[in-house]
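Structure first, then comments.
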Amino acid sequence: MKLFVRDLVLTAARAAHAAGVLPSDDFPAVEVQWPKIDSHGDFSTNFAMLSAKSQKMAPRRIAQALVDHMPKDTKQLARAEIAGPGFVNFFLHPAAWPPVVRQVLEADRTYGACDIGRGQSVQVEFVSANPTGPLHVGHGRGAVVGDTLARLLSFCGYNVQREYYINDSGRQIQTLGHSVLLRGRELVGHTVNFPEACYQGGYIRTLAKDLLEERGAAFFEQDDEAVAAECARFAAGRIIAGIRDDLGAFGVFFDEWFSEQSLYDSGQVDAVLDDLKTSGVVYAHEDAWWFRTTDFGDEKDRVVVRGDGRTTYFASDIAYHQNKFHRGFERVIDVWGADHHGYIPRMTAAVQAVGRRREQFQVLLVQLVSLLRGGQPVAMGKRSGEFITLREVLDEVGSDAARFIFLTRGYDSSLDFDLEVAKQQSNDNPVYYVQYVHARIASILHKAASQGLPIDGWHEAAEVHLGEVEEIQLIKALDRYPETIEQSAKTLAPHRLTFYLRELAALFHAYYNKHRVLTEDIQLTAARLCLVLAVQKVIRNGLSLVGVSAPDRM
RNA sequence: GCGCCUGUAGCUCAGCUGGAUAGAGCAACGGACUUCUAAUCCGUAGGUCGCAGGUUCGAAUCCUGCCAGGCGCGCCA
């Protein structure tokens, strides 16, 4: 509907120019917005103010010219008026709205989809937690942000791939292997001194026990590097499998689990370092190799190969991101924890050094989650291993509530996740508020069906019988859905979708409390069934993009 | 010290990349179930958008400088 108004403005402007009222045909991009106040109409445009310069005219005079040349042959437009400094406000005829309901019903699951992506190949990399222990709530937030973003982008015509990067190389993995080995030795009767640097969590013992069952006691009696490596491989494999299960229970799935080690095995790390050495981006200083990230705006150069010859994490990350682009992604989005923000300048430097544009690489920093229970912080010791896992949270509050709550704020502000609130089946808990709409409508439809009423799609009665204020407001909200989707995809802001859903839900609940859908009047009932069915579809579509179920009963 | 994020109602947060009289939800107070689900709704109250300048027709939004909180600044990952 917004597009319709945009066309009105443009044709009016052209007509005014043709009639000689507007001197210039250099028009700005037409912006149409939804006014907050009813008296400002259904839509408004700031076109007159924006073109004041190029027209060399006062905004209100331009606005007048627009209004004078507004197409007269349209039935949807009731009137256009000038207001304030030069806004043109559009008032639509109530009959302009019901066709939106028809669009929703006909488009069904594809309502709101668009093609701004034009098949562009995008990778979203998220979670990517080290395989040294189970996921916690913070990872959960990253998982939901990344996953929902991927769903949104793909709904908007992007060709999306979801990837999890496994840091299965380097120090942490060695430590993991060592930790398991030591716990294994304990199990077979040795007294060991368990260093603080090792992983303290109880899951290490479980892993050791599993390994003991599989390989027998003799395995832990050996004492060499190979055994520790074996432990590491075993433990990492198990942990990743666990992570995969936990994410699956959360409705998060990946197309690719990419191994860091594979970059070393295939020689890609060495290859990219060699290339960068020849091009001079990587240089020797003292006894290490440095990346000239300052050339790309970083505050200091960064080491890629240490004095002892070992590469840094950064080195493999350069190779990794080069690899991403080699695989054909035109755009790469990384979702990171906010504590990694210092890493962004060097990573964008790396992306540019391997020949890509800065805009092709974006990082989303997801802020911290504080876990609470009834307002009190839950202790989340890192080293101690005393933390609540994502799995435990899911078991307690359920995937729907957890996912929705993670999206009730923008990812760039920190979030309090209260277990008690998340569990509550009350209006403190926004998931149920939205889901309840779906259930209520399902219930209406159920009853309608039992009375033999038509509930399968568009009915012409809706053309003339949807005129209540609450009905028009609902339809206007339905009309806004496609743009909400597009905007959240464009700005990479999945939380906008949950906010929209709450708004739509509020409008529906208000409508529901004021008007009955099933009435004595068959035509009216048929019309309202159409509306309510359309609302249900949009709720269902929106929830599905967020990865939340749309129950028929609650 | 430098950098990033945040600062909006008592609390938790939105605010459609610059629009008109800044919005929700909690909490508080007062109302609505014989009806298609009260996990809901209606009403009341609540504001110097951290502070000070600047940019322009117009600023919560953009720029600068302060103030406060969080995080980061390794040849760690």
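As a basis for the values below, the full set of heavy atoms in this structure was taken, side chains included, without hydrogen atoms, waters or symmetry mates. Just so we're on the same page: letters track the sequence lines, and every chain starts at 1.
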Considering Watson-Crick and G-U wobble pairs with both distances under 3.5 Å, what does U64(B) pair with? A52(B)
Using Watson-Crick geometry (N1-N3 plus N6-O4 or O6-N4) or G-U wobble (N1-O2, O6-N3), each under 3.5 Å, C75(B) is paired with none
Which of the following nucleotides, [options], is nearest to the side chain of [X]?
X: Glu299(A); options: U17(B), C75(B), C2(B); result: C2(B)
X: Ser39(A); options: U21(B), C41(B), C2(B); result: U21(B)
X: Glu286(A); options: C16(B), C36(B), C75(B); result: C75(B)
X: Ile37(A); options: G3(B), U21(B), C5(B); result: U21(B)
X: Ala510(A); options: C36(B), A20(B), C42(B); result: C42(B)
X: Arg516(A); options: U35(B), G15(B), G19(B); result: U35(B)
X: Pro35(A); options: C13(B), A20(B), A39(B); result: A20(B)

Just checking Phe87(A) against His40(A), ring centres under 6.0 Å apart? no
Starting from [atom2] on [N], measure out to [atom1] on [X] and report it in whole angstrom.
X: Asn89(A); N: G19(B); atom1: CG; atom2: P; result: 15 Å
X: Ile405(A); N: G25(B); atom1: CD1; atom2: C1'; result: 13 Å
X: Met554(A); N: A38(B); atom1: CE; atom2: C1'; result: 13 Å

Check: [X] side chain, [N] base, donor-acceptor under 3.5 Å:
X: His340(A); N: G72(B); result: no
X: Asp287(A); N: C75(B); result: yes
X: Thr408(A); N: A14(B); result: no
X: His509(A); N: C41(B); result: no

Does the ring of Phe87(A) meet both stacking tests against the six-membered base ring of A20(B): centre distance under 5.5 Å and plane angle under 30°? yes
With the six-membered base ring of A20(B) as reference, does the ring of His40(A) sit under 5.5 Å away with planes under 30° apart? yes
Salt bridge or not between Arg331(A) and Glu359(A)? Use side-chain N to carboxylate O under 4.0 Å. no
Taking 4.0 angstrom as the limit, do Lys476(A) and Asp42(A) come out as a salt bridge? yes
Categorize Tyr343(A) for me: base, sugar-phosphate, or nothing, with a 4.0 angstrom heavy-atom threshold over every strand shown. base
Hey, does Thr45(A) have a side-chain heavy atom less than 4.5 Å from the side chain of Phe90(A)? yes
Sub-3.5 Å donor-acceptor pair from the side chain of [X] to the main-chain atoms of [Y], do we have one?
X: Asp298(A); Y: Pro345(A); answer: no
X: Asp521(A); Y: Leu524(A); answer: yes
X: Asp301(A); Y: Thr294(A); answer: yes

Any luck finding a side-chain donor-acceptor pair between [X] and [Y] under 3.5 Å?
X: Tyr411(A); Y: Gln367(A); answer: no
X: Ser54(A); Y: Asp26(A); answer: no
X: Asp334(A); Y: Tyr165(A); answer: no

Show each protein N/O and nucleotides 45-49 of chain B N/O combination with a separation under 3.5 Å, one pair to a line.
none

Quick one, give me the B/S/- string for nucleotides 54-63 of chain B, reading 5' to 3', where B means a protein heavy atom under 4.0 Å from the base and S means that only happens at the primed atoms, P, OP1 or OP2. ---B------
